[in-house]
Undergrad: 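First, the structure itself, so that you have it in front of you.
Each chain gets a letter, A, B and so on, in the order the sequences are listed, and its residues count up from 1.
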Amino acid sequence: MTDDIDRVLSSEPEIQPSRAFVASVMNAVERESAAPPPIPFPWLRALPMAAVALALAVVVVTLAPVFSAAPSSVPSPAVDGFVRAASTPAAVWTAVGLLVSAASAFAVTIRARS
Amino acid sequence: MNAADDLADVDRVLAGDPSAFEGLVRRWQGPLVNLAFRFCRDRGRAEDLAQEAFLKAYRGLARWRREGRFSTWLFALATNHYRSAIRQIPPAPFAFDAIEAPAGRESADDERDRAIRRAVDTLPAKYREALILYYFEEMDVAAAAARLGVPEGTLKARLARARDLLRRKLPLAGSAARVLREAQ
C-alpha cells in the first residue's frame, strides 16, 4: 500500500500553464503598479482630536466616582446613567484599552516614518 | 533556474521597472501552477491561485529579506496562499479535470491510482498538505517541513498518520469504484 501511495503521488502528471498565463499575471502586475498608493491615515491631523477625546475620557473616568457619590449634584437621569456606566470597571478598562491602542498605533506610525 | 537572474529581476522591479517581474513569472510559473494543481486538482483554479501568489509576491517584494533564495521565499508565500485558499474554499470532490477517459476503458491500475488521489483529497487538511508537499519536494522531509513551518518530527508523524488514514480509506474507495463501474 505504501509503495502504491509513493508511486502514485511521486508521479503526479505535470501540467503546463496556459500560454496566456504570463500575460495575465503581467496585466495584473501592471494594474497594481499603475494604481495610486494607498492614502496614509492622517495621524498628524487626527492626533489633536484623539488627544482631546482621550483627555475627556480620562476626566470622565476620574470624576465619575465623585458624581456618583453625590446624587443631588446629578442634573438628570440621563447624565446619572452615563456617569454610573462610566464608573464601572468595564468602562475603566475600555478607556485604558483605547489609550494603549492609540499609543501603540502612534508609536508604529512614528517608527514607520523614521 | 539561476538565482542570480532572480536577484537581478527583483532589483530591477524594486528600482521601478515592473516589467522585470515577467522574468520571474516565466521562470517560476510551471512549478507554482503545478504546486497549486496538487492542492486543488483543477487546472483553471490552479492558474488563478498561482496568479494570486505572483501578485502577492510582487506586492511584498520589498519585504523579501534576501536571507535565502528568492525561490524559497516565493514558494513559502505561494504555499501559505494555497493552503489558506483551499481551506476557505475546498476543491470539489470530483474536479472536472479528473474526468479524462470513460471508466470502462480504464485499467485496474488507472482506477487504483485515481482512487488513491481521491482518497488523498478527502484527508484532513494538515495530513493532505503534508503529503502534497512531501511528494512535491521529492520526498525530502526537511524541505517539506520547512515549507509547512513545522519540525521534521511533526511532518513525519503527519505523514505516518496520513498513510494510516489512506490504508483505511482505500478499500472503500476501491469498492465504490467497482460498484460505479458495474452500474454503468
Side-chain angles (χ1 to χ4, degrees), chain A residues 1-51 94 97-114, chain B residues 13 16-38 41-44 46-48 50-59 97 100 109 112-117 119-120 131-132 134-139 159-160 162-164 166-168 170-171:
Chain A
M1 170 62 68
T2 303
D3 288 345
D4 272 350
I5 296 168
D6 281 344
R7 178 181 56 76
V8 171
L9 296 182
S10 58
S11 62
E12 289 271 3
E14 290 282 312
I15 63 166
Q16 292 296 320
S18 63
R19 289 180 184 177
F21 180 74
V22 174
S24 172
V25 174
M26 288 313 294
N27 281 341
V29 165
E30 279 162 21
R31 276 197 304 274
E32 184 82 12
S33 60
I39 300 169
F41 188 80
W43 278 108
L44 288 180
R45 289 185 188 179
L47 206 60
M49 305 279 282
T94 304
L98 284 172
L99 190 66
V100 171
S101 301
S104 163
F106 184 62
V108 167
T109 308
I110 296 296
R111 196 177 303 159
R113 287 185 180 194
S114 62
Chain B
V13 173
D17 178 9
S19 67
F21 197 73
E22 187 170 338
L24 297 166
V25 178
R26 286 195 184 282
R27 272 194 292 284
W28 296 109
Q29 57 173 332
L32 247 62
V33 169
N34 273 284
L35 178 57
F37 183 75
R38 294 192 187 195
R41 301 258 164 232
D42 180 303
R43 179 186 288 267
E47 291 202 356
D48 287 346
Q51 173 166 331
E52 289 159 11
F54 273 122
L55 207 54
K56 276 192 166 186
Y58 176 76
R59 290 185 192 128
D97 283 7
E100 288 161 353
D109 285 345
R112 183 160 185 80
D113 291 359
R114 188 173 292 198
I116 289 174
R117 291 200 174 97
V120 170
L131 276 179
I132 289 171
Y134 174 67
Y135 288 103
F136 186 78
E137 294 290 353
E138 297 173 343
M139 301 192 209
L159 289 172
R163 289 195 180 107
D164 191 37
L166 284 177
R167 264 184 227 111
R168 290 183 202 172
L170 278 167

Undergrad: Heavy atoms, side chains only, cut-off 4.5 Å: are Ser33(A) and Tyr58(B) in contact?
TA: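 The answer is yes, as the side chains (C-beta and beyond) meet within the 4.5 Å cut-off.
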
Undergrad: For residues Glu47(B) and Ser18(A), report the shortest heavy-atom separation together with the two atoms involved.
TA: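 Shortest heavy-atom separation between Glu47(B) and Ser18(A) comes out as OE2-N, 2.6 Å.
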
Undergrad: Side chain, backbone, both or neither: which part of Gln16(A) has a heavy atom under 4.5 Å from chain B?
TA: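 Answer is backbone: N, CA, C or O of Gln16(A) sit under 4.5 Å from chain B.
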
Undergrad: Would you name the heavy atoms of Val8(A) and Arg117(B) that are closest together and state the gap between them?
TA: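 Residues Val8(A) and Arg117(B), closest heavy atoms: O-NH2, 3.3 Å.
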
Undergrad: Tell me every residue that passes salt bridge (Lys or Arg N to Asp or Glu O under 4.0 Å) with Asp17(B), counting only those two or more places apart in sequence or in another chain.
TA: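 Scan of Asp17(B) (salt bridge (Lys or Arg N to Asp or Glu O under 4.0 Å), adjacent residues dropped) gives Arg12(B).
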
Undergrad: Distance check, rounded to the nearest 0.5 Å: Ser10(A) atom OG versus Phe136(B) atom CZ?
TA: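 So the OG of Ser10(A) and the CZ of Phe136(B) are separated by 13.5 Å.
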
Undergrad: Quick check: do Arg7(A) and Asp113(B) have side-chain heavy atoms less than 4.5 Å from each other?
TA: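 A side-chain contact under 4.5 Å exists here.
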
Undergrad: Considering residues at least two apart in sequence or located in another chain, which fulfil the salt bridge (Lys or Arg N to Asp or Glu O under 4.0 Å) criterion with Glu32(A)?
TA: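 Counting only residues at least two positions away or on another chain, Glu32(A) forms a salt bridge (Lys or Arg N to Asp or Glu O under 4.0 Å) with Arg59(B).
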
Undergrad: Please determine, among Gln29(B), Arg26(B), Met139(B), Arg38(B), the option with the most heavy-atom pairs under 4.5 Å with chain A.
TA: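 Of the candidates given, the most pairs with chain A belong to Gln29(B).
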
Undergrad: Flag the pair Ser24(A) / Gln51(B) as yes when at least one side-chain heavy-atom distance between them is below 4.5 Å, and no otherwise.
TA: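 In contact.
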
Undergrad: Using the rule given for side chain to side chain contact (heavy atoms under 4.5 Å, CB included), can you reason through Val25(A) versus Leu55(B), listing the C-alpha separation, both sets of side-chain angles and the distance that settles it, and then say yes or no?
TA: CA-CA 7 Å; Val25(A) 174; Leu55(B) 207 54; 5.9 Å; no

Undergrad: Any non-hydrogen side-chain atom of Val25(B) less than 4.5 Å from a side-chain atom of Phe21(A)?
TA: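 Counting from C-beta outward, Val25(B) and Phe21(A) do come under 4.5 Å.
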
Undergrad: Can you say whether Leu131(B) sits under 4.5 Å from chain A via the side chain, the backbone, both, or neither, judging by heavy atoms?
TA: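 Side chain only.
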
Undergrad: Should Tyr135(B) and Ile5(A) count as side-chain neighbours, where that means a heavy-atom distance under 4.5 Å?
TA: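 Result yes, sub-4.5 Å side-chain heavy-atom pair found.
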
